[in-house]
Amino acid sequence: MPASRTVLLTGAAGGLGTLMRDLLPAHGHELRLLDLRPVEGEPDAIVADLADRDALREAVRGIDAILHLAGISLEAPFEKILKANIEGTYNLYEAAREAGVRRVVFASSNHAVGYTPRPVGDDPLIPVETPRRPDTFYGLSKCFGEDLAQLYWDKHGIETVSVRIGSCFPAPTSVRMLSVWMSPADGARLFHAALTAEDVGHTVVHGSSSNTRLWWDLGSARALGYEPRDDSEPYAGKLLAEQGPLEPGNPAHAYLGGPFVTDPPIWPY
Ligand SMILES: NC(=O)c1ccc[n+]([C@@H]2O[C@H](COP(=O)([O-])OP(=O)(O)OC[C@H]3O[C@@H](n4cnc5c(N)ncnc54)[C@H](O)[C@@H]3O)[C@@H](O)[C@H]2O)c1
């Protein structure tokens with residue numbers, strides 16, 4: 001894989017897309033932007049719905065890879081998730097297949113395995129092979145995306161790294177996030193590794209910084225060449241003083257997916 005590549009960034013107007021627009025060019029990537037909404041300050045960005053197959057065909061022409069962040073990023077009615085996350089991701093892979101794009105990085109989520117109990121005490125870190133346990137229709141759509149990625153690798157030779165992102169925000173805002181936080185700079189490092197590592201087939205990785213309170217194993221991410229540099233621990237004192245420790249009896253504290261496991265999910269968190 002060449003170091004400098006043209007990458008289609010879907011979801012470019014979103015929170016993570018905005019962070020990555022700033023950070024990925026320094027890793028040598030030239031970005032083509034796409035979102036349902038206009039992207040502020042980016043008049044050349046493609047404004048298109050993932051439902052628009054013609055627009056996707058046009059968007060993928062001549063690119064080397066796709067960083068697929070677009071979609072509904074919280075729980076929503078199934079019909080909406082179906083359209084944006086399930087059919088939308090399928091439409092994008094079809095466009096990639098037709099255009100001969102060889103690499104996708106898919107924004108999966110901890111919510112694909114959200115009903116996995118979080119480690120307590122000396123419990124081992126959650127391995128990336130842990131069985132799927134989606135905590136929402138949203139998480140279920142991420143399971144679909146990972147399976148779609150596997151199918152397009154096995155059948156069509158399109159490589160994907162599915163990144164089960166924890167929480168990628170400028171700073172952690174909850175005690176749970178201390179364990180799954182991915183700093184934006186580490187996010188860019190991980191996406192860069194996922195875009196450029198050789199021979200990934202379909203690889204699933206956990207996406208977080210090297211947090212002191214880490215819940216999951218970063219081995220498959222490190223195997224791509226990802227070297228996290230950040231740790232949420234400097235935020236721990238303040239967040240614990242404000243919110244108190246996680247309570248094992250509280251379902252929103254007991255599982256990897258946090259408040260997404262409750263019905264309905266607790267917002268905000
Ligand atoms: N931010 C995180 O910590 C986190 C954690 C886990 C997974 N993820 C995943 O990463 C991706 C980005 O997350 P985010 O926090 O930036 O979410 P976000 O909601 O801020 O951004 C998503 C973007 O996708 C666009 N979009 C939605 N439906 C679309 C459609 N049909 N066609 C085209 N564009 C569409 C939206 O307009 C929005 O700009 C999402 O797929 C999310 O599920 C994020």
Side-chain angles (χ1 to χ4, degrees), residues 8-24 32-40 42 45-56 59-60 66-77 79-92 95 104-114 134-146 148-149 161-174 176-177 179-184 186-188 190-191 194 204-209 211 216 232 256-260 265 267-269:
L8 176 67
L9 176 66
T10 74
L16 197 45
T18 300
L19 293 166
M20 292 307 124
R21 275 193 278 131
D22 281 348
L23 294 168
L24 279 176
R32 185 182 296 174
L33 310 177
L34 182 145
D35 202 287
L36 191 56
R37 305 180 278 153
V39 184
E40 207 182 318
E42 299 284 355
I46 300 162
V47 179
D49 193 317
L50 291 169
D52 184 345
R53 292 187 185 195
D54 290 338
L56 294 184
V60 298
I66 299 170
L67 176 52
H68 180 37
L69 305 182
I72 295 172
S73 56
L74 297 169
E75 181 60 322
E79 292 70 21
K80 289 190 174 180
I81 297 277
L82 177 65
K83 196 86 193 146
N85 291 17
I86 295 181
E87 292 180 6
T89 301
Y90 162 75
N91 289 338
L92 188 64
V104 179
V105 176
F106 170 58
S108 185
S109 170
N110 66 90
H111 299 292
V113 291
D135 56 25
T136 40
F137 294 134
Y138 164 69
L140 185 64
S141 76
K142 298 301 185 182
C143 295
F144 172 84
E146 291 185 9
L148 190 75
V161 177
S162 292
V163 182
R164 287 185 187 156
I165 302 166
S167 300
C168 189
F169 299 101
T173 58
S174 70
R176 169 182 172 268
M177 262 196 220
S179 297
V180 294
W181 181 62
M182 180 161 71
S183 72
D186 277 345
L190 178 53
F191 290 136
V204 180
V205 304
H206 290 146
S208 71
S209 289
N211 302 314
W216 55 17
S232 62
L256 177 59
F260 279 52
W267 313 120
Y269 74 104

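What's counted below: heavy atoms across the whole structure, side chains too, no hydrogens, waters or symmetry copies. In listed order, ligands and their atoms are each counted from 1.
- For the pairing with Glu146, the side chain to side chain donor-acceptor pair (under 3.5 Å) check across Ser162, Ser108, Ser141 returns one residue only, Ser108.
- Atom CZ of Phe144 has more than 12 neighbouring heavy atoms from other residues, nucleotides or ligands inside a 6.0 Å radius.
- Closest of all the heavy-atom pairs between Met20 and Pro184 is CE-O, 3.5 Å.
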One line per pair, note the atom names and distance for all nitrogen or oxygen contacts under 3.5 Å between ligand 1 and the protein.
{"from": "ligand 1", "atom 1": "3 (O)", "to": "Cys168", "atom 2": "N", "distance (Å)": "2.7"}
{"from": "ligand 1", "atom 1": "16 (O)", "to": "Gly15", "atom 2": "N", "distance (Å)": "3.2"}
{"from": "ligand 1", "atom 1": "16 (O)", "to": "Leu16", "atom 2": "N", "distance (Å)": "2.7"}
{"from": "ligand 1", "atom 1": "17 (O)", "to": "Ser73", "atom 2": "OG", "distance (Å)": "3.2"}
{"from": "ligand 1", "atom 1": "19 (O)", "to": "Ser73", "atom 2": "OG", "distance (Å)": "2.7"}
{"from": "ligand 1", "atom 1": "20 (O)", "to": "Gly15", "atom 2": "N", "distance (Å)": "2.9"}
{"from": "ligand 1", "atom 1": "24 (O)", "to": "Gly71", "atom 2": "N", "distance (Å)": "3.2"}
{"from": "ligand 1", "atom 1": "31 (N)", "to": "Asp49", "atom 2": "OD1", "distance (Å)": "3.0"}
{"from": "ligand 1", "atom 1": "32 (N)", "to": "Leu50", "atom 2": "N", "distance (Å)": "2.9"}
{"from": "ligand 1", "atom 1": "34 (N)", "to": "Leu36", "atom 2": "N", "distance (Å)": "3.2"}
{"from": "ligand 1", "atom 1": "37 (O)", "to": "Asp35", "atom 2": "OD1", "distance (Å)": "2.6"}
{"from": "ligand 1", "atom 1": "37 (O)", "to": "Arg37", "atom 2": "NE", "distance (Å)": "3.1"}
{"from": "ligand 1", "atom 1": "39 (O)", "to": "Gly14", "atom 2": "N", "distance (Å)": "3.1"}
{"from": "ligand 1", "atom 1": "39 (O)", "to": "Asp35", "atom 2": "OD1", "distance (Å)": "3.2"}
{"from": "ligand 1", "atom 1": "39 (O)", "to": "Asp35", "atom 2": "OD2", "distance (Å)": "2.7"}
{"from": "ligand 1", "atom 1": "39 (O)", "to": "Arg37", "atom 2": "NH2", "distance (Å)": "2.8"}
{"from": "ligand 1", "atom 1": "41 (O)", "to": "Leu69", "atom 2": "O", "distance (Å)": "2.9"}
{"from": "ligand 1", "atom 1": "41 (O)", "to": "Lys142", "atom 2": "NZ", "distance (Å)": "2.9"}
{"from": "ligand 1", "atom 1": "43 (O)", "to": "Tyr138", "atom 2": "OH", "distance (Å)": "2.5"}
{"from": "ligand 1", "atom 1": "43 (O)", "to": "Lys142", "atom 2": "NZ", "distance (Å)": "3.1"}

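- Relative ring orientation between His206 and Trp216 is described as parallel, the plane-to-plane angle staying below 30° on a 0-90° scale split at 30° and 60°.
- The aromatic rings of Phe260 and His111 lie parallel to each other, with less than 30° between the two planes, well short of the 60° mark.
- When every heavy atom of Leu34 is checked against every heavy atom of Leu8, the shortest pair comes out as CB-CD1, 4.1 Å.
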